[in-house]
Amino acid sequence: TGFIDKTGRFTDIIKDASYTPVTSFRGGVCWVENENGMRAVMNSDGTLLTDFSFVWSGEFSDGVCWASKDTGSDFNHISMGLIDKNGNFIIEPGKYTDCTQFHENMCWAKKNGSDKIFLIDMQGNEISSVPGGYMPSDFSNGICVNVGGDLLSVMNVQGVSIWSSKTYLPIHYGGFHEGKMLVRRTSDGKYFTMRDLY
């Protein structure tokens with residue numbers, strides 16, 4: 001397993017046959033894994049930016065990534081922290097779990113010991129929260145979509161709900177993409193395209 005260029009030819013980025021890539025490149029870095037299942041960050045020149053000390057990692061977005069050096073007792077809810085491209089922890093492990101990727105410098109994360117889902121920035125500041133059981137989307141053009149029960153709401157990056165309705169529910173829970181979202185009217189099941197006019 002390795003990387004190809006735009007012409008389909010394999011590159012020589014991987015310098016050592018003892019590790020393989022496990023993610024694509026995002027922002028000039030990717031994750032590679034050694035024969036023991038441990039992970040490290042590698043740049044597009046093939047230089048390892050960290051040692052093989054991570055047991056779990058997400059994917060980089062906005063220059064940061066959730067990762068863990070310890071699986072803890074429950075791999076489904078591991079103690080993760082937010083790292084930069086050099087593996088330095090920006091948010092120390094143990095505070096949050098079940099975190100989404102950062103988009104527009106914001107992400108959703110569950111706080112250990114709480115049922116709420118918190119909207120946080122890259123410094124770990126908690127901007128807002130929604131009750132457990134809600135399904136908040138990533139941010140796009142400064143807004144995100146929250147769905148809980150039969151309520152669809154739209155929130156801005158300050159954590160303020162700017163619109164809500166029980167009339168429509170999204171078909172997919174990914175929020176707005178390129179300013180549009182497919183929704184279903186609950187009264188008759190008809191489909192509509194909702195536009196982001198925020």
Side-chain angles (χ1 to χ4, degrees), residues 19 21-34 36-44 47-148 153-162 173-176:
Y19 55 84
V22 291
T23 66
S24 57
F25 278 100
R26 296 273 182 94
V29 294
C30 75
W31 286 96
V32 292
E33 189 172 277
N34 67 15
N36 298 319
M38 301 297 287
R39 294 184 175 190
V41 180
M42 183 184 79
N43 69 15
S44 56
T47 303
L48 293 177
L49 303 180
T50 69
D51 56 11
F52 285 92
S53 58
F54 294 90
V55 296
W56 178 89
S57 63
E59 289 205 41
F60 278 91
S61 60
D62 287 356
V64 295
C65 177
W66 293 101
S68 177
K69 293 186 175 186
D70 181 12
T71 57
S73 59
D74 180 2
F75 194 76
N76 291 320
H77 298 86
I78 63 173
S79 179
M80 59 179 73
L82 187 70
I83 64 166
D84 63 18
K85 294 178 181 181
N86 294 312
N88 301 311
F89 280 103
I90 302 167
I91 299 176
E92 289 297 319
K95 188 172 183 180
Y96 298 105
T97 185
D98 298 341
C99 307
T100 64
Q101 289 182 344
F102 274 86
H103 290 275
E104 300 184 8
N105 300 314
M106 312 290 276
C107 89
W108 292 98
K110 287 184 181 176
K111 186 187 255 184
N112 281 324
S114 174
D115 291 336
K116 292 182 179 179
I117 303 171
F118 290 87
L119 175 64
I120 63 172
D121 63 19
M122 287 185 187
Q123 290 72 45
N125 299 311
E126 295 169 1
I127 310 301
S128 184
S129 67
V130 296
Y134 272 61
M135 297 180 67
S137 73
D138 292 330
F139 277 86
S140 175
N141 293 327
I143 60 174
C144 77
V145 175
N146 281 309
V147 179
S153 63
V154 179
M155 177 185 287
N156 65 19
V157 292
Q158 287 79 37
V160 177
S161 179
I162 58 173
Y173 291 99
F176 287 96

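Any value given below was found using the heavy atoms of this structure, including those in side chains, with hydrogens, waters and symmetry copies removed.
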Problem - Pairing residues for Phe52 by the ring pair (Phe, Tyr, Trp, His ring centres under 6.0 Å) criterion, not counting sequence neighbours - result: Tyr19

Handout entry: Gap separating the CG atom of Leu49 from the NZ atom of Lys85, nearest 0.5 angstrom
Key = 9.0 Å

Handout entry: Partner residues of Lys116 under the salt bridge (charged side-chain N to carboxylate O under 4.0 Å, His left out) criterion, sequence neighbours left out
Key = none

Fill in the blank from the handout: Looking only at heavy atoms, the pair that brings Pro136 and Val130 closest together is CG-CG2, 4.4 Å

Exercise for the section: Using the test salt bridge (charged side-chain N to carboxylate O under 4.0 Å, His left out), find all partners of Glu92 that sit at least two apart in sequence or belong to another chain. Expected result: none

Practice task
Mind listing the closest non-hydrogen atom pair of Thr100 and Trp66 along with its distance?
Solution key: O-NE1, 3.1 Å

Exercise for the section: For Asp121, enumerate each residue passing the side chain to side chain donor-acceptor pair (under 3.5 Å) test, keeping only those at least two apart in sequence or located in another chain. Expected result: Asn125

Exercise for the section: Quick one: list whatever passes side chain to side chain contact (heavy atoms under 4.5 Å, CB included) with Asn88, sequence neighbours left out. Expected result: Asp84, Asn86

Problem - Over all atoms of both residues, closest heavy-atom pair of Phe54 and Gly87 - result: CZ-O, 4.0 Å

Practice task
Can you measure from SG (Cys107) to CG (Leu82) and round to the nearest 0.5 angstrom?
Solution key: 7.0 Å

Handout entry: Distance (rounded to the nearest 0.5 Å) between Phe118 CZ and Lys95 NZ
Key = 9.0 Å

Practice task
Return the set of residues passing side chain to side chain donor-acceptor pair (under 3.5 Å) with Asp51 (not counting sequence neighbours), or none when no residue passes.
Solution key: Ser53

Practice task
Measure the shortest side-chain to side-chain distance between Pro131 and Asp115 over non-hydrogen atoms and say whether it is less than 4.5 angstrom.
Solution key: no

Problem - Side-chain (Asn112) to main-chain (Gly94) donor-acceptor, under 3.5 angstrom - result: yes

Practice task
Taking all non-hydrogen atoms of both residues into account, name the closest pair between Tyr96 and Lys111 and its distance.
Solution key: CD2-CA, 3.9 Å

Practice task
Return the set of residues passing side chain to side chain contact (heavy atoms under 4.5 Å, CB included) with Ser61 (not counting sequence neighbours), or none when no residue passes.
Solution key: Gln101, Phe102

Exercise for the section: With the side chain counted from C-beta on, respond yes when Phe176 and Ile143 share a heavy-atom pair under 4.5 Å apart, and no when they do not. Expected result: yes

Problem - Rounded distance (nearest 0.5 Å) linking atom CG of Leu119 with atom CD1 of Ile127 - result: 6.0 Å

Problem - Pairs satisfying side chain to side chain donor-acceptor pair (under 3.5 Å), at least one member in residues 128-138, at least two apart - result: His103-Asp138

Problem - Interatomic spacing from CD1 in Ile83 to CD1 in Ile91 - rounded to 0.5 Å - result: 12.0 Å

Exercise for the section: Output yes when a side-chain donor or acceptor of Asn36 lies under 3.5 Å from a complementary backbone atom of Met38, and no otherwise. Expected result: no

Handout entry: Glu104: partners by salt bridge (charged side-chain N to carboxylate O under 4.0 Å, His left out), with sequence neighbours left out
Key = none

Residues 23-30 side chain polar contacts: donor-acceptor under 3.5 Å, at least two apart:
residue : atom : partner : partner atom : Å
Thr23   : OG1  : Trp31   : N            : 2.9

Practice task
Please report the shortest heavy-atom distance between Lys69 and Val55, naming the atom on each side.
Solution key: C-CG2, 3.7 Å

Handout entry: Test ring pair (Phe, Tyr, Trp, His ring centres under 6.0 Å) applied to Phe139 - qualifying residues, sequence neighbours left out
Key = none

Practice task
Search all heavy atoms of Val32 against all heavy atoms of Pro21 and return the closest pair with its distance.
Solution key: CG1-CA, 3.8 Å

Problem - Euclidean distance, Thr50 OG1 relative to Met42 CE, rounded to 0.5 Å - result: 11.0 Å

